[in-house]
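Along the sequence shown, residues are numbered consecutively beginning with 1. Computed from heavy atoms alone, side chains included, the values below leave out hydrogens, waters and symmetry copies.
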Amino acid sequence: MTENALNTQSTQNMTVLVTGASGKTGRRVAEAAEAAGFTVRAASRSGAVRFDWYDPSTWEDALRGADAAYLAYMPDVGAPGAGEAVGALARQAVALGVRRIVLLSARGEDQAEPAERAVRESGAEWTVVRASWFAQNLSEGHLLDGMREGELVFPGGEVLEPFIDTRDIADVVVAVLRPDSGYAGRVVEVSGPRLLSFRDAVAEIAAAAGREIRYVPVSAREYGGALAEFGVPEEETEFLIELFETNLDGRNARLSEGVREVLGRAPRDFGDFAREHAAVWKA
């Protein structure tokens, strides 16, 4: 029997809970895990398997009978209360027999330490996957509307960032979830293969879409003021201002080798991502 066949056989008896299964990473983790032979329990606030980080009464039913779990905290792993919620869920998971937990975290985000520590101390076999800025943040979610209208207003300055395709995050998560992957008790940092400024990224998207899209840098405080005007709660707005002021200070202007280390291949390039999704920005 080949190694791949053995891996498939070993995953067929594993049930994986995927939180945030309708989100940027959760949806792709669920798809990749199913393709790899796992039994996937795709959980979200409105899905067939209901899971809500803010409603602990939904946790037990989602966790019971699972062997492993992928945790993606919403709205951000460093948000106020994330450490407490992740810790409570991880401990409940272990009590219900969940052996493996993979937490999605963020590279360079000091605010994520409480959530990472909570998973490390939960008693589970844990892996933390720290990712750089998602390429899909520019093709999905609240930034997309402005880009469709012709501009990205964002507090990214001219800082460099190695944008990562969330499909690579999903592939890494599934690989480290495999039995005997060797990644239990480890932190894996993943990024894209090259550094781009947000201005560079928008220019590549504009070229792929065949239209003009401008990048308009603003301060984190200005951006927070706009969020508040759109009804974002004050606590969340203040957190995002702090997050942008720290994480977009240049600390992440470096590459990480986690994708190549875990998967044995290079991460997907941002230019390929832009060309594949060009129709999204034409609407």
Side-chain angles (χ1 to χ4, degrees), residues 20-32 70 72 74-77 104-109 112 129-148 150-175 188-211 213-217 223 240 243-244 247-248 250-263 265-283:
S22 60
K24 294 185 185 77
T25 65
R27 174 162 54 90
R28 293 166 175 97
V29 168
E31 292 169 354
Y70 168 70
M74 292 294 293
D76 184 273
V77 69
L104 176 66
S105 190
R107 265 190 358 159
E109 187 170 327
V129 176
R130 292 182 186 150
S132 58
W133 185 272
F134 304 163
Q136 278 79 1
N137 285 339
L138 300 176
S139 64
E140 303 172 20
H142 72 278
L143 296 180
L144 177 58
D145 288 344
M147 296 186 68
R148 282 176 167 168
E151 66 179 21
L152 173 66
V153 179
F154 193 71
E158 303 301 331
V159 70
L160 298 178
E161 177 72 31
F163 294 83
I164 187 167
D165 193 307
T166 56
R167 292 172 293 182
D168 286 335
I169 297 173
D171 289 345
V172 168
V173 168
V174 170
V188 180
E189 289 201 351
V190 296
S191 78
R194 61 190 173 103
L195 295 169
L196 299 92
S197 68
F198 284 85
R199 188 181 302 279
D200 295 332
V202 170
E204 294 198 17
I205 287 171
R211 55 168 299 198
I213 306 175
R214 298 188 309 130
Y215 170 59
V216 182
Y223 191 73
L240 289 172
L243 184 65
F244 292 141
N247 274 41
L248 296 175
R251 69 181 64 190
N252 284 315
R254 58 185 174 83
L255 304 181
S256 294
E257 295 299 321
V259 173
R260 187 177 295 279
E261 175 191 341
V262 175
L263 302 178
R265 63 164 176 81
R268 293 172 172 88
D269 187 75
F270 187 86
D272 295 332
F273 157 80
R275 286 184 288 273
E276 287 177 49
H277 295 81
V280 170
W281 298 291
K282 293 179 180 179

- Message: Please check: side-chain N/O of Trp281 versus main-chain N/O of Leu138, any donor-acceptor pairing under 3.5 Å?
- Response: yes

- side-chain hydrogen bond (donor to acceptor under 3.5 Å, both in side chains) partners for Asp200, two or more places apart: Ser197

- Message: Ring-plane angle category for Phe154 and Phe198, please: parallel below 30°, perpendicular beyond 60°, tilted otherwise.
- Response: tilted

- Which residues satisfy the salt bridge (charged side-chain N to carboxylate O under 4.0 Å, His left out) test with Asp165, sequence neighbours excluded? Arg167

- Gap between atom CZ of Arg214 and atom CE of Met147 - 0.5 Å precision: 12.5 Å

- Query: Who pairs with Glu257 by side-chain hydrogen bond (donor to acceptor under 3.5 Å, both in side chains), at least two apart in sequence or on another chain?
  - Reply: none

- Note on the structure: Residues passing the salt bridge (charged side-chain N to carboxylate O under 4.0 Å, His left out) test with Arg251, sequence neighbours excluded, are Asp110, Asp249

- Item | side-chain contact (heavy atoms from CB on, under 4.5 Å) evaluation trace for Asn252 with Trp133 | CA-CA 9 Å; Asn252 284 315; Trp133 185 272; over 6 Å; no

- Note on the structure: Those residues at least two apart in sequence (or on a different chain) that pass side-chain hydrogen bond (donor to acceptor under 3.5 Å, both in side chains) with Thr166 are Arg28, Gln136

- Would you say the side chain of Arg148 lies within less than 4.5 Å of the side chain of Val280, judging by non-hydrogen atoms? yes

- Item | Residues which pass side chain to side chain contact (heavy atoms under 4.5 Å, CB included) with Glu204, listed by chain and number, not counting sequence neighbours | Arg194, Leu196, Phe270

- Message: Tell me every residue that passes side chain to side chain contact (heavy atoms under 4.5 Å, CB included) with Ala21, counting only those two or more places apart in sequence or in another chain.
- Response: Val18, Ala42

- Item | Contacts of Ala72 that satisfy side chain to side chain contact (heavy atoms under 4.5 Å, CB included) - sequence neighbours left out | Thr19, Thr25, Tyr70, Leu104

- Item | Under the salt bridge (charged side-chain N to carboxylate O under 4.0 Å, His left out) test, residues paired with Arg268 that sit two or more places apart | Asp168, Asp171

- Query: Any idea which heavy atoms bring Ala175 and Val262 closest together, and the distance?
  - Reply: CB-CG1, 3.5 Å

- Minimum-distance pair of heavy atoms, taken over all atoms of Ala208 and Ala278: O-CB, 3.4 Å

- Item | Stepwise side-chain contact (heavy atoms from CB on, under 4.5 Å) test for Phe163 and Ser132 | CA-CA 6 Å; Phe163 294 83; Ser132 58; 6.0 Å; no

- By side-chain hydrogen bond (donor to acceptor under 3.5 Å, both in side chains), which residues pair with Tyr223, not counting sequence neighbours? His142

- Task: With rounding to the nearest 0.5 Å, note down the distance linking CG in Leu144 to CG in Leu152.
- Result: 10.5 Å

- Query: Excluding sequence neighbours, so at least two apart, what forms salt bridge (charged side-chain N to carboxylate O under 4.0 Å, His left out) with Glu189?
  - Reply: Arg130, Arg254

- The side chain to side chain contact (heavy atoms under 4.5 Å, CB included) partners of Leu195 (sequence neighbours excluded) come to Leu160, Pro162, Leu255

- How close do Leu248 and Pro155 get, heavy atom to heavy atom, and via which atoms? CD1-O, 3.4 Å

- Closest approach of Pro217 and Glu158, non-hydrogen atoms and distance? CG-OE2, 4.4 Å

- Taking the side chain from Ser191 and the backbone from Ser256, do they hold a donor-acceptor pair closer than 3.5 Å? yes

- Item | Intermediate values then yes/no, side-chain contact (heavy atoms from CB on, under 4.5 Å), Val190 and Arg107 | CA-CA 8 Å; Val190 296; Arg107 265 190 358 159; over 6 Å; no

- Arg265 vs Val259, side-chain contact (heavy atoms from CB on, under 4.5 Å): CA-CA, chis, key distance, verdict: CA-CA 7 Å; Arg265 63 164 176 81; Val259 173; 4.1 Å; yes

- Ala131 to Ile169 - nearest heavy-atom pair and separation: CB-CD1, 3.7 Å

